[in-house]
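Notes follow the structure.
Within every chain, numbering begins at 1; the chains are lettered A, B, ... in the order of the sequence lines, protein sequences first and strands thereafter. Only a predicted model underlies this, so the values are computations on that prediction, with no experimental measurement involved.
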Number of protein chains: 2
Amino acid sequence: MTKMSVDEIKKHLGDHGVKASLPRVKIYEYLNTHRTHPTVDEIFNALSDELITLSKTTVYNTLDLFVKHHLAVQVLIEDNEARYDADTSHHGHFKCTKCQTVYDFDFDLSSTSIPTLEGHRLDDYHTYIRGVCKKCLENIH
Amino acid sequence: MTKMSVDEIKKHLGDHGVKASLPRVKIYEYLNTHRTHPTVDEIFNALSDELITLSKTTVYNTLDLFVKHHLAVQVLIEDNEARYDADTSHHGHFKCTKCQTVYDFDFDLSSTSIPTLEGHRLDDYHTYIRGVCKKCLENIH
DNA sequence: TATTAATTTGTAACAATTACAAATTTGAAA
DNA sequence: TTTCAAATTTGTAATTGTTACAAATTAATA
């Protein structure tokens, strides 16, 4: 949540088995400081000015790598966009269908007992809600 | 859950503000009797023998219409496939990443108190888990 | 420094979905 | 009935997000 230094990011990646590189550090840094659940496009557009040779494929590859190594989670709310979140703690996502903002909310599905799933191995938990956020509700005069 | 007659389906669609037509009834019937959370492709392939002029666009349109009128829900678990479910009651989905089966599980997120979302209007609730199902766990000898 | 491995890049392919206009069907009014 | 308008379906083409893949670059090792 707090801004991490480059060295802290390098160490964090390393701790998760990911070797640091400029694109990786920059992408992680962007994800970590922009807790807005950005899409691949947003990340690519934000970084391509600074990393002038950055390829969108690299963004895809790197995000896949992050997800695989639990440095980030993929957030699916709409069928046409994958979003990413550096916050890997268990929580839910609420998307306002008016302003498109994705909010976090406190909810840990993994700590809920689900008898129906007894015997299965549960790997990753996802919870999301769509609706209209407070701000947009109030703006409808 | 129990198999519906064509007349029952027609009435059900009508009750939700959707006029009946052959493709609509057939698509609904397929969804209702195949609680396997099929993709657009599966539905199209299953029906195109009988409805020989059926277009994939119609399947897309019809499913969108069903979702809009709460006759079905869209199930997103992977970023490359939208699935559909005629069971509109609140429940969760568990996908086995080995055999690809999508299981239902009893869980009603809408009845859970989420203080963080106070003030927002919540429209639709989604819960899914990925993992490896019992059957696949046992098959790994 | 030379060689190999890992990473990044760019292009092309791919797959799911949507746009859209033409064709067909339906339903109501004449 | 027949006619006309509206709704629905269809097929094609476009679009979008993602992936495959091989070449180029960079990093690591001998």
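No hydrogens or angles considered: nothing links the side chains of Asp108(B) and His91(B) as a donor-acceptor pair under 3.5 Å. There is a side-chain donor-acceptor pair under 3.5 Å between Asp85(B) and His93(B).
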Anything under 3.5 Å between a donor and an acceptor, one on a side chain of residues 56-65 of chain B, the other on a protein residue two or more places apart or in another chain? List them.
{"residue": "Lys56(B)", "atom": "NZ", "partner": "Asp41(B)", "partner atom": "OD1", "Å": "2.9"}
{"residue": "Asn61(B)", "atom": "ND2", "partner": "Thr57(B)", "partner atom": "O", "Å": "3.4"}
{"residue": "Thr62(B)", "atom": "OG1", "partner": "Thr58(B)", "partner atom": "O", "Å": "2.6"}

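A straight line from CG of Leu65(A) to C1' of dT9(C) spans 16 Å, rounded to a whole angstrom. Protein atom NZ of Lys19(A) is 16 Å distant from nucleotide atom P of dT26(D), rounded to whole Å. Leu13(B) places its CG atom 14 Å from the C1' atom of dT8(D), with the value rounded to the nearest Å. Leu76(A) has its CG atom 15 Å from the P atom of dA16(C), to the nearest Å. The interatomic distance linking Arg24(A) (CZ) with dT9(C) (C1') rounds to 14 Å, in whole Å.
With hydrogens and angles disregarded, a donor-acceptor distance shorter than 3.5 Å links the side chain of Thr97(B) to the backbone of Gly131(B).
Looking at residues 43-54 of chain A, you'll see Thr53(A), Leu54(A) sit with a heavy atom under 4.0 Å from some atom of DNA chain C.
Residues that satisfy the ring pair (Phe, Tyr, Trp, His ring centres under 6.0 Å) test with His90(A), not counting sequence neighbours, are Tyr125(A). Taking the side chain to side chain contact (heavy atoms under 4.5 Å, CB included) definition, one finds that Glu78(A) meets it with Asn80(A), Glu81(A), Lys95(A), Arg130(A), sequence neighbours left out. Asp79(B) pairs by the side chain to side chain donor-acceptor pair (under 3.5 Å) definition with Gln74(A), not counting sequence neighbours.
Below 30°, between 30° and 60°, or above 60°: for Tyr128(B) and Tyr128(A) the angle between ring planes is above 60°, a perpendicular geometry.
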Check nucleotides 15-23 of chain D for protein N or O atoms closer than 3.5 Å to its own N or O atoms and list the pairs.
{"residue": "dT18(D)", "atom": "OP2", "partner": "Tyr60(A)", "partner atom": "OH", "Å": "2.8"}
{"residue": "dT18(D)", "atom": "O5'", "partner": "Tyr60(A)", "partner atom": "OH", "Å": "3.4"}
{"residue": "dA20(D)", "atom": "N6", "partner": "Thr57(A)", "partner atom": "OG1", "Å": "3.4"}

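Ser21(A) comes within 4.0 angstrom of the backbone, heavy atoms only, and of no base.
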